[in-house]
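Have a look at the structure below before the remarks.
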Amino acid sequence: VVAILAQVWLAATHRRGFHHCSSLSQPPAIRMGSVKTFKLKKHLAKKLNQNRPLPQWFRMKTGTKIRYNKFRRHWRRGKIGL
């Protein structure tokens, strides 16, 4: 039943012009559930910790050319890809 609903959703979004790589290519019920495994929670926590700016003391270090974190991710634009 869920697979059929997902196919119908994909067909509807494909006609509206959504790309399949976006987060809207899946029905809202399939995107993320409230019940998560510990492995998934660890993965999400790691991505949460990685999504922060550089410390100021690191920017002030002599000899470094890194000024900002180029891998920052916006919660709505950049998806993790689980």
Side-chain angles (χ1 to χ4, degrees):
V1 175
V2 175
I4 295 171
L5 289 174
Q7 288 175 351
V8 170
W9 180 270
L10 282 174
T13 54
H14 185 67
R15 272 183 260 131
R16 280 187 248 151
F18 289 121
H19 298 291
H20 291 292
C21 61
S22 70
S23 65
L24 295 174
S25 64
Q26 294 178 345
I30 295 177
R31 275 187 226 152
M32 179 61 68
S34 61
V35 179
K36 298 168 188 63
T37 61
F38 182 67
K39 183 178 178 181
L40 181 60
K41 280 184 82 165
K42 273 185 19 178
H43 185 74
L44 291 172
K46 181 179 173 67
K47 293 296 179 184
L48 194 66
N49 287 333
Q50 286 177 343
N51 192 32
R52 59 183 298 271
L54 283 178
Q56 291 297 316
W57 64 266
F58 186 82
R59 290 182 66 208
M60 300 304 161
K61 267 172 49 172
T62 56
T64 184
K65 294 184 179 180
I66 302 171
R67 295 202 176 117
Y68 63 95
N69 183 4
K70 67 177 182 178
F71 298 108
R72 286 296 297 268
R73 176 184 48 83
H74 188 261
W75 66 271
R76 202 164 193 172
R77 287 191 300 268
K79 292 300 172 183
I80 298 172
L82 292 173

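Nothing fancy with the numbering, it's 1 onward along the sequence.
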All N/O donor-acceptor pairs, side-chain side in residues 43-52, below 3.5 Å, sequence neighbours left out:
unit_1: Asn49; atom_1: ND2; unit_2: Ala45; atom_2: O; d: 3.4
unit_1: Asn51; atom_1: OD1; unit_2: Arg72; atom_2: NE; d: 3.4
unit_1: Asn51; atom_1: OD1; unit_2: Arg73; atom_2: N; d: 2.8
unit_1: Asn51; atom_1: ND2; unit_2: Arg73; atom_2: O; d: 2.9

| said: Which Ile, Leu, Val, Met, Phe, Trp or Tyr residues join Phe38 in one cluster when any pair of side-chain heavy atoms under 4.5 Å counts as a link? | reply: none
| Lys36, NZ atom: more than 12 neighbouring heavy atoms under 6.0 Å | yes
| query | Other hydrophobic cluster members with Leu54, side-chain heavy atoms of Ile/Leu/Val/Met/Phe/Trp/Tyr under 4.5 Å, chained? | reply | Trp57, Phe58, Ile66
